[in-house]
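A short write-up of the structure that comes next.
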Number of protein chains: 2
Amino acid sequence: MVLPRAAKTQRRTRIQEEKEEQILEAALEVFSAHGFRGSTIDQIAEVAGMSKPNLLYYFRTKEAMHRALIDRVLDTWLDPLREFNAEGNPVAEIRSYIRRKLEMARDFPRESRLFANEVLQGAPHIEDELKGPLKELVDEKAEVIRTWAKAGKIAKCDPYHLIFAIWSTTQHYADFDVQVRAVLGQENAGDGRFEDAARFLERLFVDGLQVREQPSSEYGLEG
Amino acid sequence: MVLPRAAKTQRRTRIQEEKEEQILEAALEVFSAHGFRGSTIDQIAEVAGMSKPNLLYYFRTKEAMHRALIDRVLDTWLDPLREFNAEGNPVAEIRSYIRRKLEMARDFPRESRLFANEVLQGAPHIEDELKGPLKELVDEKAEVIRTWAKAGKIAKCDPYHLIFAIWSTTQHYADFDVQVRAVLGQENAGDGRFEDAARFLERLFVDGLQVREQPSSEYGLEG
DNA sequence: TGTAATGTTTACCAACCGGTCAAATTATCA
DNA sequence: TGATAATTTGACCGGTTGGTAAACATTACA
């Protein structure tokens, strides 16, 4: 037989699992750093420590590799939002969501950049995931936030833009890492910037979402 | 003479100016959408409406085109931060900075994505700009913010992370536009999302930076 | 108007890139 | 062990890409 390629034989060989693991790890390294078009199969092969035809034995095409990687990573990536709990204390839930997202930016920056690259270039490969599972999950959690606001547990605000703000501020530390480092300077070599960021962001969002008697009317909104 | 190429002759021809303008416009379109490696000279040539060798007559290499584009756009891009005025009302200054950044995300999304692509992939072509002019400008404005905080005009906070938060939340609407649209759904076709974002962000930052008697001590910061 | 400088295009090249093929090597198991 | 299936690799292919050479066209200007 010439084309087992994972799908054909139900039972996966030990070697198959190991090699596919190796390849996806290397693919994550390369795709997250250069984007889909900017990456070459040779690069991935070199990082994975195997020959190009060998990669193509496990994944028929470059696109197949990318898709497998996206599928594998997307679930994990959305976990923090899934944990968002309607029953919990609203402010505490938002705080811990921020903390979890920031931890992911620190511990899984490549995953963050993989999606950032993809979305930035128009999401040509993950449009369905965005309009499907992602939107549904966000809709669900936005409804939770809206309920909290109506119940007076947090300040009234647009839940979608709140989620966008949490995404952008936290993922910024993964996606724009070189810029953050450049601006903060060399002395900020360790992970200290993540702790500073956590302090700042938790305070910003918590104070910003506190229910207020006179909701900053002196800065009333014009067009 | 065969190689005038702008630099050699001091006086620029009318044609030179027009064509270089055309090329950089096309380059912005293509580079911002696909990143440096993902873009081809042929693509840019087609958008610019001229032949590939003709492009290379004005810019010797693909890198030269990219560099010229970056140089041209970076100045404009930093204008909103430059306008940040130490003498003004602190909260008003921050609000109008947010507004200006959001307007830029709406009106110049390609410029935003150009830099996002670049930084995301490790800023291989603009490292010097980040560590030089950008850092100096941010250092200067961070000092202004720190002064305001010390004077009790705004809440005490890390000025660098405040700036990062404003950058990330506003640029998010340009860089991750497809994701924002996907999550908000089709009904949000116009520019309404920018107005909603402005309302949300101005309120978030203004309320979050309000000086407080008891600075949210009940959510005291742990590690 | 003539001519030298400037601008444009066609044809082309070498390197690279995604992917194939067939032969060789290794693992599996009756 | 031997035969069969699974895995790996070197050689190769067609298309693309960044860039060049040189002939051709146009403009500026004395």
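Model, not experiment: these values are computed from the prediction. So that the names make sense, note that chain A is the first sequence line, chain B the second, and so on, each numbered from 1. All values below come from the heavy atoms of this structure, side chains included, with hydrogens, waters and symmetry mates left out.
- When the side-chain nitrogen and oxygen atoms of A/R37 are compared with OP1 and OP2 of D/dT17, one or more of them lie within a distance under 4.0 Å.
- Which of D/dT9, C/dG19, D/dG19 sits closest to the side chain of A/P53 comes down to D/dT9.
- Looking at every heavy atom in both residues, A/V47 comes nearest to A/A26 through CG1-CB, 3.6 Å.
- A donor-acceptor contact under 3.5 angstrom links the side-chain atoms of B/K52 to the base of D/dG18.
- Rounded to whole Å, atom C1' of D/dT16 lies 12 Å from atom CD1 of B/I41.
- Between A/H125 and A/F36, the ring planes lie tilted relative to each other; the angle falls in the 30° to 60° range.
- In this structure, the CD atom of A/Q16 is 5 Å from the P atom of D/dT7, given to the nearest Å.
- At whole-Å resolution of the value, CZ in B/F31 and P in D/dT17 are 13 Å apart.
- Between A/Y57 and D/dT7, a side-chain N or O to OP1/OP2 separation shorter than 4.0 Å is present.
- Contact between the side-chain N/O atoms of A/N54 and the OP1/OP2 oxygens of D/dT9 is found at a separation under 4.0 Å.
- Here C/dG18 presents its C1' atom at 9 Å from CG of A/D42, a figure rounded to the nearest Å.
- Residue A/K19 places at least one side-chain N or O under 4.0 Å from the OP1 or OP2 atom of D/dT8.
- The separation between A/I23 atom CD1 and D/dT7 atom P is 11 Å, rounded to whole Å.
- Atom CZ in B/R60 sits about 14 Å away from atom P in C/dG7, given to the nearest Å.
- The shortest non-hydrogen separation linking A/K62 to A/S39 is NZ-O, 2.7 Å.
- Across C/dG19, D/dG18, D/dT9, the shortest atom-to-atom separation from the side chain of A/L56 is found for C/dG19.
- OP1 or OP2 of D/dT8 has at least one side-chain nitrogen or oxygen of A/Y58 nearer than 4.0 Å.
- Between the CE atom of B/M50 and the C1' atom of D/dA25 there is a distance of 15 Å, given to the nearest Å.
- Rounded to whole angstrom, the span from the CZ atom of B/F59 across to the P atom of D/dG19 amounts to 13 Å.
- OP1 or OP2 of C/dT9 has at least one side-chain nitrogen or oxygen of B/S51 nearer than 4.0 Å.
- Residues A/A48 and A/Q22 approach most closely at O-OE1, 3.0 Å, considering heavy atoms.
- Tested against A/H172, the residues B/Y160, B/F164, B/F176 include a single ring pair (Phe, Tyr, Trp, His ring centres under 6.0 Å) partner, B/F164.
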